[in-house]
Amino acid sequence: MNPDDPRARRTRDRLRAALLSLAAERELADVTMSAVARCAEVNRATVYQHYADLDALVADAMDDAVAHVARCAALCPLDAPRDRPPEPLVDLFSHVAGNAVLYRRMLSDQGSPRFANRLRERLAGELAARFAAGEGPAGFDDVPVRTHAAYLAGALVGVIADGVRAGTGGPGPAEGRPAAGAEGGEQAHALALATWRLLSR
């Protein structure tokens, strides 16, 4: 199958949309390829023509989210005052808060390891590129670029996962929806500020 065929792209779009719709309703462990097929109104064999397993579909469906988080990290200035989080970092946590149910399910113990790995790798890649170009924070010349980038990427993914579980910047396990309006914005800003204070030490 040619992945660039317009019909194949439309089918993948439907499968991704179906997966995200189901993941918003139930835990990822309760989502099956058969359920995705029914939701997308295709047969089960069609799903497997495009994705080897559910984790591959999850990773592809969440690719836009991964790209958004990585882009925020790439745009984040590293010389902002410690008491004022950079806007791209606030944007990152606002995006997570707005999609907290999905992030909580994707990063839970029964979530998608492939998604978590892709998120961490994309973040590490963006940070490593910046550090290699001389845009890294001062005082770390004795730390290899890849090690520094991997450390920060792992920290960010950990904060995101903990935030959406605990309700800081997103709903905790007892809640079924993200915080709305001003409350959600305040939570995202507070989490961005706490994270920035840690990163800028």
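Worth knowing before you read on, the calculation uses all heavy atoms, side chains too, and leaves out hydrogens, waters and symmetry mates.
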Can Phe93 and Thr195 be said to form a side chain to side chain contact (heavy atoms under 4.5 Å, CB included), step by step? CA-CA 10 Å; Phe93 285 109; Thr195 303; 3.6 Å; yes

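- Going from atom CG of Asp109 over to atom CG of Leu28 covers 12.5 Å, rounded to the nearest 0.5 Å.
- Ion pairing between a basic and an acidic side chain is recognised when a charged N comes within 4.0 Å of a carboxylate O; Asp60 and Arg12 show no such pairing.
- In summary, of the residues considered (Val58, Leu54, Asp53), a side chain to side chain contact (heavy atoms under 4.5 Å, CB included) with Arg114 occurs for Asp53 alone.
- Put simply, the side chain of Pro85 reaches to within 4.5 Å of the side chain of His189, judged on heavy atoms.
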Working note: Tyr103 + Phe115, criterion side chain to side chain contact (heavy atoms under 4.5 Å, CB included); need CA distance, chi angles, decisive distance, verdict. CA-CA 10 Å; Tyr103 275 94; Phe115 165 72; 3.9 Å; yes

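- Annotation: the span from Leu22 atom CG to Asp30 atom CG amounts to 10.5 Å, rounded to 0.5 Å.
- Looking at residues two or more places apart in sequence or on another chain, you find a side chain to side chain donor-acceptor pair (under 3.5 Å) between Tyr48 and Arg44.
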Take Cys39 and Arg14 through the side chain to side chain contact (heavy atoms under 4.5 Å, CB included) test and state the conclusion after the steps. CA-CA 9 Å; Cys39 187; Arg14 290 171 65 182; over 6 Å; no

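- Taken to the nearest 0.5 Å, the CZ atom of Phe131 stands 11.5 Å off from the CD atom of Glu126.
- His68 pairs with exactly one of Asp63, Asn99, Asp91 by the side chain to side chain contact (heavy atoms under 4.5 Å, CB included) rule, that one being Asp91.
- Salt bridge annotation for Asp13-Arg16: present, with a cationic side-chain nitrogen under 4.0 angstrom from a carboxylate oxygen.
- With a 4.5 Å cut-off on side-chain heavy atoms, Ser112 and Met62 do not count as touching.
- Taking every heavy atom of both residues into account, Ala61 and Leu20 meet most closely at O-CD1, 3.9 Å.
- Atom-to-atom distance recorded for Leu89:CG and Leu193:CG is 9.5 Å, nearest 0.5 angstrom.
- Note that CG of Leu57 is 6.0 Å distant from CE of Met33, once rounded to the nearest 0.5 Å.
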For Leu123 and Arg118: C-alpha separation, side-chain torsions, deciding distance, then whether side chain to side chain contact (heavy atoms under 4.5 Å, CB included) applies. CA-CA 8 Å; Leu123 281 167; Arg118 181 175 291 188; over 6 Å; no

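- Atoms CZ and CZ, from Arg26 and Arg105 in turn, are 9.5 Å apart once rounded to the nearest 0.5 Å.
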